[in-house]
Amino acid sequence: MFRYLERRSECQWVTITIDGERTDAYAAETVAAAMLRAGHISFRTTAVTGEPRGPYCLMGACFDCLVAIDDVPNQQACMTLVRAGMRVERQKGTADILHLADLKRGSAP
Amino acid sequence: MRHYEVAVVGGGVVGLASAYGLAKSKWRVAVLDDGDVAHRASRSSFGLVWFQGKGLGKQAYVRLLALATEEWANFATELRESSGIDPDYRQPGGLSLCVGEAAAEERKIHIEALRRQSGADGYDCEFLPRRELEVLFHPLRLGSEVRTASYCAADGHVNPLHLVLCMQKSFLGIGGHYLSNHAVRDIVVVAAGGFELSTDSGRIGCDRLLLAAGLGVGELAAKIGLNIPIRPERGQILVTQRTRPLFPLPMNGFRQTQEGSVLFGYSKESVGLDDSTSTDVTAGIASNAVTVFPQLSALRVVRMWAGLRTQSRDTYPIYASSPACPGAHAVICHSGITLTAIHSRVIPQWISLGKMPDCIREFGLERFGV
Amino acid sequence: MNRHYDVVVVGAGPAGMAAATLCGQAGVSTLLLDEQPAPGGQIYRSIEQPGIADRTVLGADYYAGEPLTKALRDAAIHYVPSATVWHLSAAREIGVSIGDESHLVAAAQIIIATGAQERPFPVPGWTLPGAMTAGAAQILLKKSGLVADGSVFAGTGPLLYLTARQYLHAGAKIIALLDTTPLSNYWRALSHSVGALSGLASLSKGRRWIQELRNSGVPLINAVADLRLLGDEAVQSIEYRRHGTWKSVATRHVFLHQGVVPAVNLTMALRCKHAWCQRQVCWRVVTDSWGETSVAGVAVAGDALDIGGAVSARHRGSIAALGALRRLGRLSAGDGDRRAVSHRAVLRAEGRLRSFLDVLFRPARQFLAPTHEQTIVCRCEELSASRLRDIIAVGCEGPNQLKSFSRCGMGPCQGRMCGLTVGHMLSEQLHRPMAEIGYYRVRQPIKPVSLGELAALSAKKEEMAAPPKVSSL
């Protein structure tokens, strides 16, 4: 289990959900750090064999920390900062994208 | 110096299919391949095994494709059984989507012209109205500009990388010799018969010779007295991360692999031997993709690449025997994947009998007046 | 952000910060892009807002980065954080993704300062949740002030000992440190000790760290010749072989490390000339004395060029900036040479210790090309060593053929976690040196980019060549 060394009173807390469970996280924290501190060591299962994977490098190089964030799959948890109300879901196997909204022509999704 | 009955220059799908077929007929064959980094169009292929829409102006090509797509299923089974690796060939039929009214009209005229050209041969290709397409693709939604699509039951797709691996493994399994780092630099005709090849790893002797080295054929063919004008044509492709199955069928420009990656393509550019990708083209392919399938905008592209097709002047294959050097032959084509099955049967016949089989007879150099 | 800059720097670690700051001070239009939300790279990660207030935990070297970030903030440059560069062309066009939107920027000069990555450490079980790099432990510490109790550190190299020491000072319990440094390395390194004497201060520092660990009661187990991680759904234990005997240590957290190597994906995708460095056992981009690669106007600085640590990185960044200014005609050759003198002197001094460290901490062969058949080599595509060896035997000449036959290197990490391992395996199996084996043909995009973002770029480009002929067969 990962734990905080210090209580940082000057930092803001936000609430996110991880697999539906509400968790508190520091406002400037990465999703990966928040998940590790909440006790999740496994973030997903793989596409080919269904093996569990968790974050490995934490610097955006290994792509093992992939989770779905607000329904968008394959997001690197170590490269994304938490936001109030963010919904994080651990991925099972291959990503699904059919449920996502369309790209509006000329603007970002 | 090692000596073979047949030396096949080029280890791509054309060379390997030919060599595999020859080895099956008990010829002592060597495939002479380049090193790890070479143009290798076979590695850049989109993977379609395609009949529809091609050959307007040359019915012989339509007939060749009909044979090719008919023989693929059995060939795939044979490869799977002999190599233990599945080339992932599927023949569910294929679609060519038409985006916009003008494109739909153009396609209808094109297919109708092929139908007329085919006459008694018939031309099995029908147009599906939008509502039928919607049902077919559900739950994947089609962009509003998709009007119709031409459907052909003969179309399919394969994993082109597995295909090369399958053929290489099967070829080795039946006693074929695969020599890599043996790019051929010079060919000398031996007075007593046969040829001597100077390669990057020493000299090789052979009785008969087949040049199947893609873009390398032009220079090598000159050494056996053949003038084969070819030009590189660049095609760019995007590949995404894996996702759940999306497409009911392979399409012209859209295909999903067995592992779940989605491929989008492709361009046709004349840029010489430049095989780098360019943002204007790749962004254009992406734009086309989200126009047709708006839900795919969140899919992440993990790889883009460009392949260089070996293109002839009229875009059709060239099968040429050298009059000056009997026993030396050359082949180039850009639809190597589609033609693999038939190449494995017909090219060995051609090399061993010294006579051009009917189905490829109209693809010699005479048509260019050279 | 403009569409064109005189200088674009990619990466805001010490090299990038030094380069961008110097260019800004010279008055040329400068853009600094970095994929993290704050400057510092890996070594100075989160230095503007560290996750720990107690400055004794991370050590003085960390805080040496503060003046760099201060100078950066004061510099007259455009600094864009959370910007992921996914495209770079020889014509010096940069494709960058910022907040789900992509932009194209043109640059007269580019300085790549993307730093290093950890060398892959393929041992059985390294893909289990709970196994991370020592760098990952540092990132969690620096940015979030998070530690794990009951960890095992395994591997070799200065960063392993540094991180363990930081954990010690943080009060986190370390169960053991398993040192895979081959004993024979100590003898070989002695022949480099003449150079090391001039870096004696750094060497003493390293020895002090090790002594601290010993004094604190952390078992330091050396001469570890083999490792494997075990567990069902996550790491439950790590086993090590030493002098022929296997022992087991129960743990849920393993921090692996066997050195860092330059992150070459960007320069490889650009088709820059690279060379195999036998001393550092890695691929390195080939540059002139100003850091310019074989692609005109594209220079590399910092650990992306040569593993040298933070001090070297900062000076390499300055030299690269001076080189860029020279090529822009904003600095005369004489002035450039003069200003580079002090930086080059530091590099020479740092370099002497570096050779010694390279020899001492060179990973053992069994950790470069895995001996255990079931070890996963390509993490993304889940390919084992035995699977790859079987395919090599079918007639693979190199990493690209292997990639096309097996899919290794085709996953989202784009070969970062397997490229070197695959090279070592081919080198062993084909009996050819690494220099001949080569590396993957790395493709754009350098980081994955969404279809939608790419599509939107198409709409954005006002000046395009004739619309791409996206056509039927």
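Side-chain atoms are counted along with the backbone in the values below, which use heavy atoms only and exclude waters and symmetry mates. Per chain, numbering begins at 1; letters A, B, ... match sequence-line order.
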Side chain proximity check, [X] to [Y], heavy atoms < 4.5 angstrom:
X	Y	result
B:Ser261	C:Arg407	yes
B:Tyr178	C:Val394	no
B:Lys169	C:Asp390	no
B:Leu161	C:Phe405	no
B:Arg300	C:Pro412	no
C:Arg443	B:Thr277	no
C:Leu451	B:Leu238	yes
C:Pro399	B:Asp36	yes

Is it the case that over 12 heavy atoms from other parts of the model lie below 6.0 angstrom from the NZ atom of B:Lys108? yes
C:Arg387 atom CZ, over 12 foreign heavy atoms within 6.0 Å: no
Candidates C:Gln414, C:Gln444, C:Met410 - the one meeting side-chain contact (heavy atoms from CB on, under 4.5 Å) with B:Arg303: C:Met410
Taking atom CD1 of C:Ile94 and atom OG1 of B:Thr279, what is their separation to the nearest 0.5 Å? 11.5 Å
Measure the spacing between SG of C:Cys396 and CD of B:Gln168 and express it to the nearest 0.5 Å. 7.0 Å
If you take all heavy atoms of C:Ser458 and B:Ala283, which pair is closest and at what distance? CB-O, 3.4 Å
What heavy-atom pair brings B:Val290 and C:Ala455 nearest, and what distance separates the two atoms? CG2-CB, 3.5 Å
Region of [X] in contact with chain C, defined by heavy-atom distances below 4.5 Å:
X	result
B:Glu259	side chain
B:Val239	neither
B:Phe264	side chain
B:Asp33	side chain
B:Leu172	side chain

Run the side chain to side chain contact (heavy atoms under 4.5 Å, CB included) check on B:Met304 and C:Leu454 step by step: do they pass? CA-CA 12 Å; B:Met304 307 177 192; C:Leu454 257 184; 3.7 Å; yes
Option in B:Arg242, B:His162, B:Glu269 with maximal non-hydrogen atom pairs under 4.5 Å from chain C: B:Arg242
Check each atom of C:Ile446 against the heavy atoms of chain B and say whether the ones under 4.5 Å are side chain, backbone, both or neither. neither
Contacting region of C:Ser89 [heavy-atom separation from chain B under 4.5 Å]: neither
CA sep, side-chain torsions, deciding dist, call: C:Gln401, B:Arg43, side chain to side chain contact (heavy atoms under 4.5 Å, CB included): CA-CA 9 Å; C:Gln401 230 178 343; B:Arg43 260 193 223 152; 3.1 Å; yes
